[in-house]
Protein chains: 2
Amino acid sequence: MKEQAIDYYAHQAKMYVATDCIVFGFDKGDLKLLIFKRRVDPDRGAWSLIGSFVELEEDVDEAARRVLKEITGLDRVFFEQSKTYGKSGRDYGFRCISVAQYALIRVDDYDRELVEKHGAFWYTLKDLPKLVLDHDTMVKDALEKLRRKAQYQPIGFELLPEKFTIPQLQSLYEAIYQRELDPRNFRKKVLSLKVLRKLDEKDKTSSKRGAYLYMFEADNYKKLLQSGYNFEI
Amino acid sequence: MKEQAIDYYAHQAKMYVATDCIVFGFDKGDLKLLIFKRRVDPDRGAWSLIGSFVELEEDVDEAARRVLKEITGLDRVFFEQSKTYGKSGRDYGFRCISVAQYALIRVDDYDRELVEKHGAFWYTLKDLPKLVLDHDTMVKDALEKLRRKAQYQPIGFELLPEKFTIPQLQSLYEAIYQRELDPRNFRKKVLSLKVLRKLDEKDKTSSKRGAYLYMFEADNYKKLLQSGYNFEI
DNA sequence: AAAATAAATGTAAATTGTACGCTTAATGTT
DNA sequence: AACATTAAGCGTACAATTTACATTTATTTT
(Lines give C-alpha, C1' and ligand atoms only; values in the text may rest on other atoms or scores of the structure.)
Protein backbone atom coordinates (compact mmCIF):
# COMPACT_ATOMS: atom_id res chain seq x y z
CA MET A 1 0.00 0.00 0.00
CA LYS A 2 2.82 2.38 0.78
CA GLU A 3 4.19 1.61 -2.67
CA GLN A 4 0.91 2.59 -4.27
CA ALA A 5 0.84 5.82 -2.34
CA ILE A 6 4.29 6.73 -3.46
CA ASP A 7 3.39 5.92 -7.01
CA TYR A 8 0.29 8.07 -6.83
CA TYR A 9 2.23 11.13 -5.80
CA ALA A 10 5.27 10.46 -7.96
CA HIS A 11 3.58 11.39 -11.24
CA GLN A 12 2.44 14.78 -10.04
CA ALA A 13 4.09 18.10 -10.69
CA LYS A 14 5.91 19.98 -7.97
CA MET A 15 6.10 23.74 -7.68
CA TYR A 16 7.77 26.49 -5.77
CA VAL A 17 5.62 27.87 -3.02
CA ALA A 18 6.20 31.35 -1.68
CA THR A 19 4.49 33.64 0.76
CA ASP A 20 4.29 37.39 0.33
CA CYS A 21 3.45 39.77 3.13
CA ILE A 22 1.38 42.89 2.75
CA VAL A 23 2.57 44.80 5.81
CA PHE A 24 0.27 47.63 6.84
CA GLY A 25 1.20 50.29 9.32
CA PHE A 26 -0.47 53.47 10.49
CA ASP A 27 1.36 56.72 11.05
CA LYS A 28 0.37 60.37 11.17
CA GLY A 29 -3.10 59.74 9.92
CA ASP A 30 -2.09 57.61 6.97
CA LEU A 31 -2.25 53.92 6.22
CA LYS A 32 1.19 52.84 5.07
CA LEU A 33 2.65 49.84 3.38
CA LEU A 34 6.09 48.39 3.91
CA ILE A 35 7.73 47.62 0.58
CA PHE A 36 11.29 47.02 -0.41
CA LYS A 37 13.75 47.09 -3.23
CA ARG A 38 14.38 43.65 -4.68
CA ARG A 39 17.97 42.54 -4.22
CA VAL A 40 17.99 39.53 -6.50
CA ASP A 41 17.55 39.01 -10.18
CA PRO A 42 15.32 39.05 -12.07
CA ASP A 43 13.97 42.59 -11.61
CA ARG A 44 16.68 43.60 -9.17
CA GLY A 45 15.99 47.09 -7.83
CA ALA A 46 12.26 47.02 -8.47
CA TRP A 47 9.75 47.64 -5.68
CA SER A 48 8.23 44.55 -4.21
CA LEU A 49 6.43 43.11 -1.23
CA ILE A 50 8.37 41.24 1.37
CA GLY A 51 8.29 37.51 0.84
CA SER A 52 10.10 34.23 0.85
CA PHE A 53 9.94 30.74 -0.48
CA VAL A 54 8.33 28.26 1.86
CA GLU A 55 10.79 25.64 3.00
CA LEU A 56 10.11 21.95 2.76
CA GLU A 57 9.58 21.36 6.47
CA GLU A 58 7.97 24.66 7.16
CA ASP A 59 4.29 25.57 7.53
CA VAL A 60 3.19 28.33 5.21
CA ASP A 61 2.24 30.39 8.25
CA GLU A 62 5.62 29.80 9.82
CA ALA A 63 7.24 31.14 6.68
CA ALA A 64 5.23 34.33 6.99
CA ARG A 65 6.13 34.62 10.65
CA ARG A 66 9.79 34.14 9.78
CA VAL A 67 9.70 36.84 7.11
CA LEU A 68 7.93 39.29 9.39
CA LYS A 69 10.39 38.65 12.19
CA GLU A 70 13.34 39.13 9.84
CA ILE A 71 12.05 42.45 8.63
CA THR A 72 10.45 44.03 11.66
CA GLY A 73 12.21 42.30 14.51
CA LEU A 74 8.83 41.56 16.06
CA ASP A 75 7.80 38.15 17.32
CA ARG A 76 4.07 38.52 17.58
CA VAL A 77 2.76 40.26 14.54
CA PHE A 78 -0.88 39.99 13.60
CA PHE A 79 -1.20 38.43 10.17
CA GLU A 80 -3.80 36.53 8.24
CA GLN A 81 -4.10 34.89 4.88
CA SER A 82 -5.41 37.12 2.19
CA LYS A 83 -5.45 35.02 -0.96
CA THR A 84 -3.32 32.57 -2.90
CA TYR A 85 -2.04 33.61 -6.30
CA GLY A 86 -1.70 30.60 -8.55
CA LYS A 87 -1.70 31.65 -12.18
CA SER A 88 0.70 29.54 -14.18
CA GLY A 89 2.42 32.57 -15.71
CA ARG A 90 2.55 34.86 -12.67
CA ASP A 91 6.24 34.39 -11.94
CA TYR A 92 9.59 34.76 -13.68
CA GLY A 93 9.35 31.67 -15.83
CA PHE A 94 9.40 29.26 -12.91
CA ARG A 95 6.17 27.85 -11.66
CA CYS A 96 5.62 29.43 -8.30
CA ILE A 97 2.45 30.02 -6.38
CA SER A 98 2.29 32.56 -3.62
CA VAL A 99 0.18 32.66 -0.50
CA ALA A 100 -0.36 36.33 0.27
CA GLN A 101 -0.77 37.32 3.89
CA TYR A 102 -1.56 40.73 5.23
CA ALA A 103 0.04 41.87 8.45
CA LEU A 104 -0.76 44.78 10.74
CA ILE A 105 2.03 46.31 12.77
CA ARG A 106 2.41 49.15 15.23
CA VAL A 107 4.67 51.66 13.62
CA ASP A 108 6.25 52.60 16.93
CA ASP A 109 7.06 48.99 17.79
CA TYR A 110 9.11 47.75 14.90
CA ASP A 111 12.88 47.88 14.63
CA ARG A 112 13.75 50.74 12.29
CA GLU A 113 17.32 49.62 11.79
CA LEU A 114 16.26 46.18 10.73
CA VAL A 115 13.80 47.62 8.26
CA GLU A 116 16.43 49.90 6.76
CA LYS A 117 18.95 47.09 6.60
CA HIS A 118 16.60 45.22 4.32
CA GLY A 119 16.08 48.20 2.07
CA ALA A 120 12.49 48.54 3.14
CA PHE A 121 10.42 51.74 3.10
CA TRP A 122 7.06 52.84 4.32
CA TYR A 123 4.85 54.22 1.59
CA THR A 124 1.51 55.88 1.91
CA LEU A 125 -0.99 53.81 -0.02
CA LYS A 126 -1.81 56.67 -2.36
CA ASP A 127 1.84 57.19 -3.33
CA LEU A 128 2.61 53.53 -3.89
CA PRO A 129 4.92 52.92 -6.85
CA LYS A 130 4.42 50.09 -9.30
CA LEU A 131 5.35 46.77 -7.71
CA VAL A 132 6.79 43.67 -9.35
CA LEU A 133 4.73 40.78 -10.72
CA ASP A 134 1.19 40.69 -9.37
CA HIS A 135 2.07 42.43 -6.13
CA ASP A 136 -0.12 45.41 -7.02
CA THR A 137 -3.09 43.12 -7.17
CA MET A 138 -2.08 41.54 -3.89
CA VAL A 139 -2.12 44.94 -2.22
CA LYS A 140 -5.48 45.83 -3.72
CA ASP A 141 -7.02 42.54 -2.62
CA ALA A 142 -5.51 42.68 0.86
CA LEU A 143 -6.80 46.19 1.39
CA GLU A 144 -10.26 45.02 0.47
CA LYS A 145 -10.04 42.18 2.97
CA LEU A 146 -8.70 44.51 5.63
CA ARG A 147 -11.61 46.88 5.09
CA ARG A 148 -14.11 44.09 5.20
CA LYS A 149 -12.62 42.57 8.31
CA ALA A 150 -12.34 45.90 10.09
CA GLN A 151 -16.12 46.08 9.99
CA TYR A 152 -16.72 43.12 12.20
CA GLN A 153 -13.46 42.45 14.04
CA PRO A 154 -11.42 44.88 16.10
CA ILE A 155 -8.26 44.47 14.03
CA GLY A 156 -7.75 48.20 14.00
CA PHE A 157 -6.20 47.97 17.43
CA GLU A 158 -3.31 45.96 16.00
CA LEU A 159 -2.19 49.05 14.17
CA LEU A 160 -2.17 51.42 17.11
CA PRO A 161 0.18 51.65 20.07
CA GLU A 162 -1.01 49.89 23.20
CA LYS A 163 -2.31 53.17 24.57
CA PHE A 164 -4.19 55.36 22.17
CA THR A 165 -6.75 58.13 22.16
CA ILE A 166 -10.18 57.99 20.62
CA PRO A 167 -9.34 60.63 18.01
CA GLN A 168 -6.36 58.47 17.01
CA LEU A 169 -8.59 55.42 16.68
CA GLN A 170 -10.98 57.43 14.57
CA SER A 171 -8.23 58.67 12.34
CA LEU A 172 -7.16 55.06 11.78
CA TYR A 173 -10.63 53.99 10.76
CA GLU A 174 -10.85 56.99 8.48
CA ALA A 175 -7.64 55.84 6.83
CA ILE A 176 -8.92 52.29 6.45
CA TYR A 177 -12.30 53.26 5.05
CA GLN A 178 -11.02 56.27 3.16
CA ARG A 179 -13.81 58.50 4.34
CA GLU A 180 -14.45 60.93 7.14
CA LEU A 181 -16.36 59.93 10.23
CA ASP A 182 -18.25 62.14 12.62
CA PRO A 183 -16.21 62.43 15.83
CA ARG A 184 -19.26 62.50 18.10
CA ASN A 185 -20.89 59.49 16.54
CA PHE A 186 -17.63 57.59 16.32
CA ARG A 187 -16.91 58.08 20.00
CA LYS A 188 -20.42 57.05 20.94
CA LYS A 189 -20.14 53.93 18.84
CA VAL A 190 -16.77 52.63 20.02
CA LEU A 191 -17.52 53.35 23.66
CA SER A 192 -20.81 51.48 23.39
CA LEU A 193 -18.87 48.34 22.42
CA LYS A 194 -17.39 48.25 25.93
CA VAL A 195 -14.00 46.97 24.88
CA LEU A 196 -12.01 50.07 25.78
CA ARG A 197 -10.55 50.84 29.19
CA LYS A 198 -10.05 54.52 29.93
CA LEU A 199 -6.74 55.35 31.57
CA ASP A 200 -5.85 58.25 33.85
CA GLU A 201 -3.24 59.49 31.40
CA LYS A 202 -3.63 61.99 28.64
CA ASP A 203 -1.88 62.39 25.33
CA LYS A 204 -1.10 66.02 24.68
CA THR A 205 0.76 65.78 21.41
CA SER A 206 -2.12 66.97 19.32
CA SER A 207 -4.08 69.36 21.50
CA LYS A 208 -3.66 71.70 24.41
CA ARG A 209 -6.39 70.07 26.36
CA GLY A 210 -5.04 66.58 25.72
CA ALA A 211 -7.06 63.44 25.03
CA TYR A 212 -7.49 60.57 27.42
CA LEU A 213 -5.62 57.40 26.59
CA TYR A 214 -7.44 54.11 26.29
CA MET A 215 -6.47 50.47 26.08
CA PHE A 216 -8.17 47.68 24.19
CA GLU A 217 -9.72 45.13 26.55
CA ALA A 218 -9.18 41.86 24.73
CA ASP A 219 -10.83 39.84 27.51
CA ASN A 220 -14.04 41.81 27.38
CA TYR A 221 -14.03 41.45 23.64
CA LYS A 222 -13.73 37.67 23.80
CA LYS A 223 -16.55 37.44 26.32
CA LEU A 224 -18.72 39.55 24.05
CA LEU A 225 -18.05 37.31 21.07
CA GLN A 226 -18.82 34.19 23.05
CA SER A 227 -22.17 35.62 24.05
CA GLY A 228 -23.00 35.87 20.35
CA TYR A 229 -22.33 39.55 20.06
CA ASN A 230 -21.93 41.03 16.62
CA PHE A 231 -18.99 43.38 16.92
CA GLU A 232 -19.13 46.18 14.40
CA ILE A 233 -17.38 49.46 13.83
CA MET B 1 21.41 37.44 -15.36
CA LYS B 2 19.28 34.55 -16.47
CA GLU B 3 21.86 32.27 -14.88
CA GLN B 4 21.53 34.07 -11.59
CA ALA B 5 17.81 33.78 -11.76
CA ILE B 6 17.98 30.09 -12.34
CA ASP B 7 20.45 29.75 -9.53
CA TYR B 8 18.20 31.70 -7.20
CA TYR B 9 15.29 29.40 -7.79
CA ALA B 10 17.32 26.20 -8.01
CA HIS B 11 18.06 25.98 -4.31
CA GLN B 12 14.45 26.24 -3.24
CA ALA B 13 12.15 23.41 -2.27
CA LYS B 14 9.33 22.29 -4.51
CA MET B 15 6.01 20.94 -3.32
CA TYR B 16 2.88 19.31 -4.53
CA VAL B 17 0.04 21.76 -4.92
CA ALA B 18 -3.54 20.60 -4.81
CA THR B 19 -6.94 22.22 -4.83
CA ASP B 20 -9.92 20.89 -2.89
CA CYS B 21 -13.48 21.90 -3.59
CA ILE B 22 -16.14 22.40 -0.95
CA VAL B 23 -19.22 21.97 -3.10
CA PHE B 24 -22.38 23.33 -1.53
CA GLY B 25 -25.83 22.62 -2.78
CA PHE B 26 -29.31 23.41 -1.51
CA ASP B 27 -32.16 20.95 -1.60
CA LYS B 28 -35.43 20.58 0.30
CA GLY B 29 -34.57 23.21 2.82
CA ASP B 30 -31.13 21.88 3.64
CA LEU B 31 -27.63 22.99 2.80
CA LYS B 32 -25.76 20.01 1.41
CA LEU B 33 -22.20 19.14 0.71
CA LEU B 34 -20.91 16.96 -2.10
CA ILE B 35 -18.34 14.51 -0.78
CA PHE B 36 -16.96 11.30 -2.15
CA LYS B 37 -15.27 8.08 -1.31
CA ARG B 38 -11.56 8.16 -1.96
CA ARG B 39 -10.50 5.72 -4.64
CA VAL B 40 -6.76 5.83 -4.16
CA ASP B 41 -4.42 4.90 -1.38
CA PRO B 42 -3.70 5.99 1.21
CA ASP B 43 -7.05 6.09 3.02
CA ARG B 44 -8.91 4.44 0.17
CA GLY B 45 -12.61 4.32 0.93
CA ALA B 46 -12.63 7.22 3.37
CA TRP B 47 -14.86 10.25 2.85
CA SER B 48 -13.17 13.21 1.32
CA LEU B 49 -13.69 16.44 -0.53
CA ILE B 50 -13.29 16.52 -4.25
CA GLY B 51 -9.87 17.67 -5.31
CA SER B 52 -6.91 17.29 -7.61
CA PHE B 53 -3.28 18.12 -7.94
CA VAL B 54 -2.59 21.30 -9.83
CA GLU B 55 -0.72 20.60 -13.03
CA LEU B 56 2.46 22.38 -13.99
CA GLU B 57 0.96 24.50 -16.73
CA GLU B 58 -2.37 25.01 -15.07
CA ASP B 59 -3.68 27.95 -13.06
CA VAL B 60 -4.92 26.96 -9.62
CA ASP B 61 -8.35 28.28 -10.57
CA GLU B 62 -8.34 26.26 -13.75
CA ALA B 63 -7.66 23.16 -11.71
CA ALA B 64 -10.73 23.86 -9.60
CA ARG B 65 -12.80 24.48 -12.72
CA ARG B 66 -11.57 21.21 -14.18
CA VAL B 67 -12.47 19.26 -11.04
CA LEU B 68 -15.91 20.83 -10.84
CA LYS B 69 -16.58 20.11 -14.48
CA GLU B 70 -15.48 16.50 -14.10
CA ILE B 71 -17.78 15.93 -11.16
CA THR B 72 -20.87 17.96 -11.96
CA GLY B 73 -20.72 18.24 -15.72
CA LEU B 74 -21.24 21.98 -15.40
CA ASP B 75 -19.13 24.56 -17.15
CA ARG B 76 -19.96 27.68 -15.24
CA VAL B 77 -19.96 26.93 -11.57
CA PHE B 78 -19.59 29.73 -9.06
CA PHE B 79 -16.52 29.16 -6.95
CA GLU B 80 -14.16 31.23 -4.90
CA GLN B 81 -11.04 30.70 -2.88
CA SER B 82 -11.62 29.92 0.71
CA LYS B 83 -8.20 29.42 2.25
CA THR B 84 -4.90 27.70 1.60
CA TYR B 85 -3.86 24.89 3.89
CA GLY B 86 -0.11 24.75 4.17
CA LYS B 87 0.90 22.92 7.31
CA SER B 88 3.97 20.85 6.71
CA GLY B 89 2.41 17.70 8.17
CA ARG B 90 -1.10 18.01 6.74
CA ASP B 91 -0.72 15.36 4.05
CA TYR B 92 0.22 11.71 3.73
CA GLY B 93 3.93 12.10 4.27
CA PHE B 94 4.46 14.08 1.09
CA ARG B 95 4.65 17.82 1.28
CA CYS B 96 1.49 19.09 -0.32
CA ILE B 97 -0.33 22.34 0.16
CA SER B 98 -3.95 22.69 -0.82
CA VAL B 99 -5.89 25.69 -2.01
CA ALA B 100 -9.45 25.17 -0.82
CA GLN B 101 -12.23 26.62 -2.92
CA TYR B 102 -15.89 26.66 -2.14
CA ALA B 103 -18.39 26.20 -4.92
CA LEU B 104 -22.12 26.78 -5.05
CA ILE B 105 -24.21 24.71 -7.39
CA ARG B 106 -27.85 24.42 -8.30
CA VAL B 107 -28.90 20.98 -7.26
CA ASP B 108 -31.28 20.65 -10.19
CA ASP B 109 -28.61 21.57 -12.72
CA TYR B 110 -25.83 19.10 -12.15
CA ASP B 111 -25.42 15.77 -13.91
CA ARG B 112 -26.53 13.08 -11.48
CA GLU B 113 -24.95 10.25 -13.44
CA LEU B 114 -21.59 11.93 -13.44
CA VAL B 115 -21.78 12.50 -9.72
CA GLU B 116 -22.66 8.87 -9.09
CA LYS B 117 -19.96 7.66 -11.42
CA HIS B 118 -17.38 9.37 -9.24
CA GLY B 119 -18.75 7.85 -6.06
CA ALA B 120 -19.99 11.20 -4.84
CA PHE B 121 -22.88 11.79 -2.43
CA TRP B 122 -24.79 14.76 -1.13
CA TYR B 123 -24.74 15.03 2.64
CA THR B 124 -26.65 17.39 4.84
CA LEU B 125 -24.14 19.43 6.78
CA LYS B 126 -25.41 18.16 10.09
CA ASP B 127 -24.97 14.51 9.10
CA LEU B 128 -21.50 14.92 7.64
CA PRO B 129 -19.21 11.98 8.39
CA LYS B 130 -15.57 12.40 9.36
CA LEU B 131 -13.51 13.44 6.36
CA VAL B 132 -9.88 12.67 5.57
CA LEU B 133 -6.93 14.86 6.52
CA ASP B 134 -7.91 18.44 7.33
CA HIS B 135 -11.00 18.39 5.15
CA ASP B 136 -13.28 18.82 8.16
CA THR B 137 -11.56 22.08 8.93
CA MET B 138 -11.85 23.10 5.31
CA VAL B 139 -15.60 22.62 5.43
CA LYS B 140 -15.92 24.52 8.70
CA ASP B 141 -13.86 27.43 7.37
CA ALA B 142 -15.64 27.52 4.03
CA LEU B 143 -19.02 27.58 5.72
CA GLU B 144 -17.91 30.54 7.77
CA LYS B 145 -16.80 32.38 4.64
CA LEU B 146 -20.02 31.50 2.88
CA ARG B 147 -22.04 32.92 5.77
CA ARG B 148 -19.97 36.04 5.91
CA LYS B 149 -20.18 36.58 2.18
CA ALA B 150 -23.89 35.91 2.04
CA GLN B 151 -24.38 38.99 4.18
CA TYR B 152 -23.09 41.44 1.66
CA GLN B 153 -23.16 39.68 -1.69
CA PRO B 154 -26.06 37.93 -3.35
CA ILE B 155 -24.32 34.58 -3.63
CA GLY B 156 -27.41 32.82 -2.39
CA PHE B 157 -28.85 33.01 -5.87
CA GLU B 158 -26.13 30.68 -7.14
CA LEU B 159 -27.68 27.91 -5.13
CA LEU B 160 -31.23 28.29 -6.39
CA PRO B 161 -32.74 27.45 -9.75
CA GLU B 162 -32.99 30.35 -12.16
CA LYS B 163 -36.61 30.86 -11.19
CA PHE B 164 -37.40 30.70 -7.51
CA THR B 165 -39.98 31.89 -5.04
CA ILE B 166 -39.40 34.19 -2.13
CA PRO B 167 -40.18 31.48 0.42
CA GLN B 168 -37.54 29.31 -1.27
CA LEU B 169 -35.00 32.10 -1.05
CA GLN B 170 -35.85 32.56 2.59
CA SER B 171 -35.45 28.88 3.30
CA LEU B 172 -32.01 29.01 1.69
CA TYR B 173 -30.90 31.88 3.89
CA GLU B 174 -32.30 30.09 6.89
CA ALA B 175 -30.14 27.11 5.99
CA ILE B 176 -27.04 29.26 5.51
CA TYR B 177 -27.47 31.21 8.73
CA GLN B 178 -28.93 28.29 10.68
CA ARG B 179 -31.73 30.36 12.15
CA GLU B 180 -35.31 31.18 11.35
CA LEU B 181 -36.25 34.41 9.68
CA ASP B 182 -39.55 36.21 9.76
CA PRO B 183 -41.25 35.69 6.38
CA ARG B 184 -42.82 39.15 6.29
CA ASN B 185 -39.62 40.98 7.17
CA PHE B 186 -37.56 38.82 4.87
CA ARG B 187 -39.82 39.56 1.94
CA LYS B 188 -39.78 43.26 2.70
CA LYS B 189 -36.01 43.27 2.85
CA VAL B 190 -35.20 41.36 -0.34
CA LEU B 191 -37.77 43.25 -2.36
CA SER B 192 -36.37 46.56 -1.15
CA LEU B 193 -33.04 45.62 -2.70
CA LYS B 194 -34.63 45.85 -6.16
CA VAL B 195 -32.68 43.01 -7.68
CA LEU B 196 -35.59 40.62 -8.17
CA ARG B 197 -37.84 40.52 -11.20
CA LYS B 198 -41.29 39.12 -10.54
CA LEU B 199 -42.55 36.71 -13.18
CA ASP B 200 -46.10 35.90 -14.20
CA GLU B 201 -45.63 32.25 -13.26
CA LYS B 202 -46.36 30.59 -9.98
CA ASP B 203 -44.82 27.62 -8.27
CA LYS B 204 -47.50 25.44 -6.72
CA THR B 205 -45.42 22.61 -5.32
CA SER B 206 -45.62 23.80 -1.77
CA SER B 207 -48.95 25.52 -1.40
CA LYS B 208 -52.42 25.58 -2.85
CA ARG B 209 -52.29 29.25 -3.55
CA GLY B 210 -48.88 29.02 -5.18
CA ALA B 211 -46.03 31.49 -4.87
CA TYR B 212 -44.85 33.83 -7.58
CA LEU B 213 -41.57 33.00 -9.24
CA TYR B 214 -38.80 35.58 -9.36
CA MET B 215 -35.51 35.92 -11.19
CA PHE B 216 -32.35 37.57 -9.99
CA GLU B 217 -31.57 40.74 -11.95
CA ALA B 218 -27.78 40.70 -12.18
CA ASP B 219 -27.72 43.93 -14.20
CA ASN B 220 -29.63 45.90 -11.59
CA TYR B 221 -27.38 44.48 -8.96
CA LYS B 222 -24.23 45.63 -10.74
CA LYS B 223 -25.62 49.10 -11.22
CA LEU B 224 -26.47 49.27 -7.54
CA LEU B 225 -22.95 48.28 -6.55
CA GLN B 226 -21.42 50.84 -8.87
CA SER B 227 -23.51 53.56 -7.29
CA GLY B 228 -21.88 52.67 -3.99
CA TYR B 229 -24.78 50.67 -2.64
CA ASN B 230 -24.18 48.42 0.31
CA PHE B 231 -26.01 45.22 -0.55
CA GLU B 232 -27.04 43.30 2.53
CA ILE B 233 -29.34 40.44 3.33
C1' DA C 1 -6.41 87.74 31.39
C1' DA C 2 -7.55 86.56 26.77
C1' DA C 3 -7.17 83.79 22.69
C1' DA C 4 -6.62 79.52 20.62
C1' DT C 5 -7.14 74.58 20.07
C1' DA C 6 -8.83 70.08 19.93
C1' DA C 7 -11.58 67.05 23.21
C1' DA C 8 -15.72 65.88 25.06
C1' DT C 9 -20.79 65.86 25.73
C1' DG C 10 -25.92 65.95 24.30
C1' DT C 11 -30.12 65.84 21.65
C1' DA C 12 -33.57 65.62 17.90
C1' DA C 13 -34.81 63.62 13.46
C1' DA C 14 -34.49 60.01 10.14
C1' DT C 15 -33.82 55.53 8.98
C1' DT C 16 -33.84 50.75 9.67
C1' DG C 17 -35.05 46.56 12.08
C1' DT C 18 -38.37 43.74 14.73
C1' DA C 19 -42.66 41.82 16.12
C1' DC C 20 -46.84 41.00 15.15
C1' DG C 21 -52.13 40.07 12.89
C1' DC C 22 -54.88 39.85 9.14
C1' DT C 23 -56.31 39.00 4.32
C1' DT C 24 -55.95 36.42 -0.01
C1' DA C 25 -55.69 32.90 -3.73
C1' DA C 26 -56.09 28.37 -4.81
C1' DT C 27 -57.26 23.61 -3.74
C1' DG C 28 -59.57 19.82 -1.67
C1' DT C 29 -63.63 18.28 1.14
C1' DT C 30 -68.38 18.03 2.48
C1' DA D 1 -72.03 25.33 -3.92
C1' DA D 2 -70.31 26.29 0.54
C1' DC D 3 -66.62 25.51 3.57
C1' DA D 4 -62.13 24.24 5.42
C1' DT D 5 -57.28 24.27 4.71
C1' DT D 6 -52.84 25.94 3.41
C1' DA D 7 -49.11 28.80 2.62
C1' DA D 8 -48.49 33.42 0.36
C1' DG D 9 -48.61 38.05 0.72
C1' DC D 10 -49.58 42.77 2.81
C1' DG D 11 -49.55 46.36 6.43
C1' DT D 12 -48.75 48.65 10.74
C1' DA D 13 -46.88 49.95 15.33
C1' DC D 14 -42.95 50.05 18.08
C1' DA D 15 -37.96 49.64 19.17
C1' DA D 16 -33.34 50.28 18.07
C1' DT D 17 -29.88 52.28 15.52
C1' DT D 18 -27.81 55.71 12.66
C1' DT D 19 -27.20 60.35 11.27
C1' DA D 20 -26.80 65.24 11.62
C1' DC D 21 -25.56 68.95 14.05
C1' DA D 22 -24.10 72.93 18.35
C1' DT D 23 -22.13 73.88 22.48
C1' DT D 24 -19.12 73.51 26.39
C1' DT D 25 -14.60 72.26 28.50
C1' DA D 26 -9.67 71.69 29.74
C1' DT D 27 -5.39 73.21 28.77
C1' DT D 28 -1.58 75.95 26.75
C1' DT D 29 0.20 80.03 24.50
C1' DT D 30 0.28 84.91 24.04
Side-chain angles (χ1 to χ4, degrees), chain A residues 28-30 150-152 154 160-161 163-215 224 227-233, chain B residues 28-29 147 150-152 154 160-161 163-215 224 227-233:
Chain A
K28 301 189 193 72
D30 279 320
Q151 279 176 0
Y152 64 91
L160 289 174
K163 300 172 179 183
F164 52 86
T165 68
I166 292 189
Q168 275 165 18
L169 184 62
Q170 175 179 343
S171 146
L172 166 59
Y173 275 91
E174 288 180 332
I176 292 178
Y177 295 145
Q178 293 288 1
R179 68 190 174 90
E180 301 214 329
L181 303 169
D182 181 282
R184 293 153 292 191
N185 294 337
F186 180 81
R187 176 183 298 269
K188 209 193 307 176
K189 181 88 191 224
V190 293
L191 289 179
S192 77
L193 299 172
K194 313 235 167 162
V195 293
L196 295 187
R197 184 166 82 240
K198 188 176 186 175
L199 304 177
D200 268 339
E201 295 170 73
K202 282 188 165 185
D203 172 301
K204 293 192 176 164
T205 54
S206 73
S207 92
K208 289 162 184 176
R209 177 179 180 175
Y212 279 105
L213 287 163
Y214 287 79
M215 284 183 71
L224 269 181
S227 66
Y229 190 80
N230 187 23
F231 187 96
E232 254 181 67
I233 288 196
Chain B
K28 301 189 192 73
R147 284 192 181 130
Q151 281 176 358
Y152 64 92
L160 290 173
K163 300 172 180 182
F164 52 86
T165 69
I166 291 191
Q168 275 165 20
L169 184 62
Q170 175 179 342
S171 146
L172 165 59
Y173 275 91
E174 288 180 333
I176 292 179
Y177 295 144
Q178 295 287 2
R179 69 191 174 90
E180 301 213 329
L181 303 170
D182 181 281
R184 293 152 291 191
N185 293 337
F186 180 81
R187 175 184 298 269
K188 209 191 309 177
K189 181 89 190 225
V190 293
L191 289 179
S192 77
L193 298 172
K194 314 237 167 157
V195 292
L196 296 187
R197 185 166 80 241
K198 188 176 187 174
L199 304 176
D200 269 339
E201 297 169 71
K202 282 189 166 187
D203 172 301
K204 293 193 178 164
T205 53
S206 73
S207 91
K208 289 163 183 175
R209 177 179 177 176
Y212 279 104
L213 288 162
Y214 287 79
M215 283 182 73
L224 269 181
S227 66
Y229 190 80
N230 188 22
F231 187 95
E232 255 182 66
I233 286 195

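A, B, ... follow the sequence lines: proteins, then strands. Residue 1 opens every chain.
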So [Y] and [X], do their side chains get closer than 4.5 Å, heavy atoms only?
X	Y	value
B:Phe186	B:Ile233	yes
B:Leu199	B:Arg197	yes
A:Val190	A:Tyr214	no
A:Tyr212	A:Leu196	no
B:Phe164	B:Leu172	no

- Query: Counting distance only, does the side-chain N/O of B:Gln170 pair as donor-acceptor with the main-chain N or O of B:Arg187 below 3.5 Å?
  - Reply: no

Please round to the nearest 0.5 Å and tell me the distance separating atom [atom1] of [X] and atom [atom2] of [Y].
X	Y	atom1	atom2	answer
A:Glu174	A:Asp30	CD	CG	11.5 Å
B:Thr165	B:Lys198	OG1	NZ	12.0 Å
A:Asp182	A:Lys188	CG	NZ	8.0 Å
A:Ile166	A:Ser171	CD1	OG	13.5 Å

- Which residues satisfy the side chain to side chain donor-acceptor pair (under 3.5 Å) test with B:Lys204, sequence neighbours excluded? none

For the pair made of [atom1] in [X] and [atom2] in [N], what is the distance, rounded to whole Å?
X	N	atom1	atom2	value
B:Lys189	C:dT15	NZ	C1'	12 Å
B:Glu180	C:dA19	CD	C1'	14 Å
B:Ile233	C:dT16	CD1	P	16 Å
B:Leu193	C:dT16	CG	C1'	13 Å
B:Leu196	D:dG9	CG	P	12 Å
A:Arg187	D:dT17	CZ	P	20 Å
B:Asn230	C:dT15	CG	P	17 Å
A:Glu201	D:dA26	CD	P	20 Å

- Query: Taking protein heavy atoms under 4.0 Å as touching, what does nucleotides 25-30 of chain C look like 5' to 3' if B marks base contact, S marks sugar-phosphate-only contact and - marks none?
  - Reply: BBB---

- Query: Where are the stems of DNA chain C, defined as at least 3 consecutive Watson-Crick or wobble G-U pairs with both distances under 3.5 Å?
  - Reply: C:1-30 with D:1-30

Below 3.5 Å between N/O atoms, which protein atoms pair up with nucleotides 11-15 of chain D? Just atom names and distances, please.
from   : atom 1 : to       : atom 2 : distance (Å)
D:dT12 : O4     : B:Lys188 : NZ     : 3.2

- Task: Kindly state which residues belonging to residues 166-177 of chain B come within less than 4.0 angstrom of DNA chain D, counting heavy atoms of the residue only, listed by number.
- Result: B:Pro167

- Query: In chain order, what residues pass the ring pair (Phe, Tyr, Trp, His ring centres under 6.0 Å) check against B:Tyr177, with sequence neighbours excluded?
  - Reply: B:Tyr173

- Message: On DNA chain D, compare the nucleotides closest to B:Tyr214 and A:Glu232; which residue's is nearer the 5' end?
- Response: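 Mapping each residue to its closest nucleotide by heavy atoms, the 5'-most match is B:Tyr214.
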
- Query: What do you reckon, is NZ of B:Lys202 surrounded by more than 12 foreign heavy atoms closer than 6.0 Å?
  - Reply: yes

- When every non-hydrogen atom of A:Gln168 is compared with those of A:Leu160, the smallest separation belongs to O-CD2, 4.4 Å

